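Remember, predicted model here, so these are calculated numbers, not experimental data. Throughout, a chain's letter reflects where its sequence line sits, starting with A, and its residues are numbered from 1.
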Amino acid sequence: VWGLANIRWLLNSVREYGNPLASYTPTAMIPRFEPLKQWLPENSTTGYLLDEENADLETHNPGSRLSLALYTLSPRIVLQTTACPLVIVDADRPEMPPKIARQQGWTLIADLHNGVRLYRTQRTEP
Amino acid sequence: MIAWLLAGIVVPWFATYLFVRRCDAEAGNKAAVIALHAMLALGLALGLTSCSYFVGLLFCGAPGRAYCTVEILGFAALGLLSRLGAARPPGASIPEPHGSKVASPQGKLLRWVFLASLISATLGIAGMFLIEPHGDCDAWNIWTMRARYLFRSGQEWRNAFAPFFAHTDYPLMLSGTIARCWTYLAGERLWIPQLVAAAFTLLGAGLLTAGVARLRGTSHGWLAGLSLLGTVFYLSRGASLYADVPLSCFFLAALLLLAFYDAGRRSSPGLLVLAGLSAALAAWTKNEGLLFLAIVLVVRALLAWRRSGGRGMLRETSALLAGAAPVIMVVVLFKVSIAAENDIVAGQTWHTLLSRLTDASRIAFILKSLVETLWHVGKALVLILPLAWLLVGGASDRSRSALPGLVAVLAAMLAGYFFVYLATPHDLAWHVSSSMDRLLVHLWPSMLLAAFLYLGDPTEYIWRETSASPASTGVGKGKGADPRQRQEKPTS
């Protein structure tokens, strides 16, 4: 009887499979970053900034979001810093542009319309 | 590309199988023994190939087709070498377990229940992969992440160990295996980490079943396997693509091989070589494996010294080290050339360490959490096994001679984990809640092995209860009806 306890686990997983995907799972998060690959050369280093004002931090752990960006964009290096020529700004509300970009005068390179934007900082000439 | 991958798995597997057969030649050619050897060989081959992948990376840079060809040829040569020379003749080094030839209805039923449980477990694991194909947090944060950087970075593969990554001191068995398979495929497929995870999860159940069957009889083996397959936490950790279940497999393989050695009348030192290799591969899987390897070496040396003096100790330790040495060299190479400092060791001072070790509240918290987590992982089985012992009693055959070594290693491992929690520089509550259940998963299959070596055979008990009449056996009510007494004095 004990050995068949895993049937309940199997049934639970079948039930869970029918549920909509939670927004914070890797399967849901990975496609958000995937299109950035076309602008980022392999083995390049890019900055990452979580726009906390426009991010849902209750379900999205900031460290996990950065890890998922690294996982998706590998072999590119993504660092939690704005001291890079290119910076990814990550938020959950696509309609709200990040304040820091306006304040620092960064140039928008790509807006993925899902809250993820790629900026060129003023540290390099275009 | 799939042909390359098949060759890259089958050739090392078969070569390792021949090596395992050579080391345990006296076990004979029964189907059950062949299956056990094949399962042992699969785990060992996956571990060994991840070692060769790392050595290839370190000395030759990003691997390509040339690496694949050389590796396949190398393992083919190893397989051929295993066939050279005279092996020990087959013979029953481990006495035939009592009741192993009894085809009881309960035994047949158990076989079908095991099959149903295995199918259900496999489907459950596949279901987990459908729900979250990238696995749980540590999978994409550590293990598969590192595999991606190793595979995708080309000559810049050392980026996988850049300081901003978590736990760069963790060894490479799992990540290396995944990256190596992608190299053979010349492309990245998500089903590779899933396949590796499923293989190790089911391998654990298979090894436990076949190992206990060899030591204690077939029905006992089915029961042991069912106990593990019914542990849902073990299955879910396996499906989460973590390294904890592969580590538990290497722990189990090493302890099983040592149990075969102890239970045999004239055991081959080849079993010790394989046990040493398994223990070293545990050290190549996770840092906890380093503790395991050290404990196995010390416990076995002490046991051998007690049993047969200094020469016996030297003989056993040499055989264990002969198996472990190649992998230990790879681990040392990794730790010296790549790995960062461990987060638990870093920043420790004698003063803070001493204050943590003598903090009674920490000790009480860890012990309380250990009991709670044991219940969380093992659930009702934690009660079922002692109850079964009360009902059917303990075993009395030679396999019990394997218990002291097995229990000593498990107790020392628990003590080691306890010490690590006591000394941890992290917040204790966080550290315990985030890892203790996984640490118990490392030991769970081996704990079940110990329990089933100790426990009498319940199916045999039921079989006798239902088939033997008091008149024919001479056993009636009263003193002679005590099942424990009957278990220990089996009728022929």
Side-chain angles (χ1 to χ4, degrees), chain A residues 1-34 37 40-48 59-81 83-84 88, chain B residues 110 113-114 116-137 139-142 144-157 159-160 162 164-166 205 222-223 225-236 239 379-381 384-385:
Chain A
V1 171
W2 171 263
L4 295 173
N6 58 30
I7 292 177
R8 219 173 101 187
W9 177 61
L10 167 65
L11 294 176
N12 282 343
S13 70
V14 170
R15 264 196 297 274
E16 206 177 320
Y17 184 61
N19 294 340
L21 207 59
S23 62
Y24 52 85
T25 58
T27 309
M29 290 286 278
I30 286 167
R32 299 179 74 238
F33 297 111
E34 196 80 41
K37 284 180 178 174
L40 303 173
E42 287 197 358
N43 297 322
S44 64
T45 301
T46 310
Y48 173 90
T59 50
H60 294 77
N61 175 289
S64 297
R65 291 174 78 123
L66 174 60
S67 286
L68 283 167
L70 273 163
Y71 180 73
T72 311
L73 298 172
S74 61
R76 297 155 190 86
I77 303 292
V78 184
L79 299 174
Q80 191 153 23
T81 176
C84 284
I88 300 164
Chain B
L110 277 176
V113 176
F114 179 86
S117 181
L118 185 68
I119 292 168
S120 165
T122 310
L123 291 175
I125 292 169
M128 293 291 284
F129 292 157
L130 286 174
I131 293 166
E132 194 37 87
H134 298 274
D136 276 359
C137 180
W140 46 263
N141 210 2
I142 301 172
T144 319
M145 168 97 88
R146 188 162 304 152
R148 281 191 166 190
Y149 274 87
L150 288 174
F151 175 70
R152 292 180 179 181
S153 300
Q155 297 302 336
E156 304 298 319
W157 61 270
N159 281 347
F164 52 84
F165 282 120
W222 296 133
L223 278 174
L226 277 169
S227 303
L228 189 56
L229 286 174
T231 308
V232 168
F233 192 80
Y234 168 84
L235 297 177
S236 67
K379 297 221 162 28
L381 204 60
I384 292 171
L385 289 176

Do B/Ser117 side-chain atoms and B/Phe114 backbone N/O form a donor-acceptor pair below 3.5 Å? no

Gap between atom OH of A/Tyr48 and atom CD1 of A/Ile88 - 0.5 Å precision: 8.0 Å

Identify which one of B/Trp157, B/Phe165, B/Trp140 satisfies the ring-ring contact (aromatic ring centres under 6.0 Å, His included) criterion when paired with B/Tyr149. B/Phe165

Max heavy-atom pair count under 4.5 Å with chain B, selected residue of A/Ile77, A/Val14, A/Asn12: A/Ile77

According to ring pair (Phe, Tyr, Trp, His ring centres under 6.0 Å), who are the partners of B/Phe151, at least two apart in sequence or on a separate chain? B/Trp182

Is A/Ile30 in contact with chain B via its backbone, its side chain, both, or neither, using a 4.5 Å heavy-atom distance? side chain

Quick one: what part of A/Arg8 sits under 4.5 Å from any heavy atom of chain B, side chain, backbone, both or neither? neither

Of the listed residues (B/Asn141, B/Leu150, B/Leu228, B/Leu118), which shares the most heavy-atom pairs with chain A below a 4.5 Å separation? B/Asn141

If you take all heavy atoms of A/Leu73 and B/Arg152, which pair is closest and at what distance? C-NH1, 4.3 Å

Closest heavy-atom pair and its distance - A/Arg76, A/Lys37: NH2-O, 3.6 Å

What residue in B/Ile119, B/Leu235, B/Leu123, B/Thr231 has the most heavy-atom pairs under 4.5 Å with chain A? B/Leu235

Looking at B/Ile384, B/Val113, B/Asp136, B/Leu226, which one has more heavy-atom pairs under 4.5 Å with chain A than the rest? B/Leu226

Chain B shares the most heavy-atom pairs under 4.5 Å, among A/Asn6, A/Leu79, A/Ile7, with A/Asn6

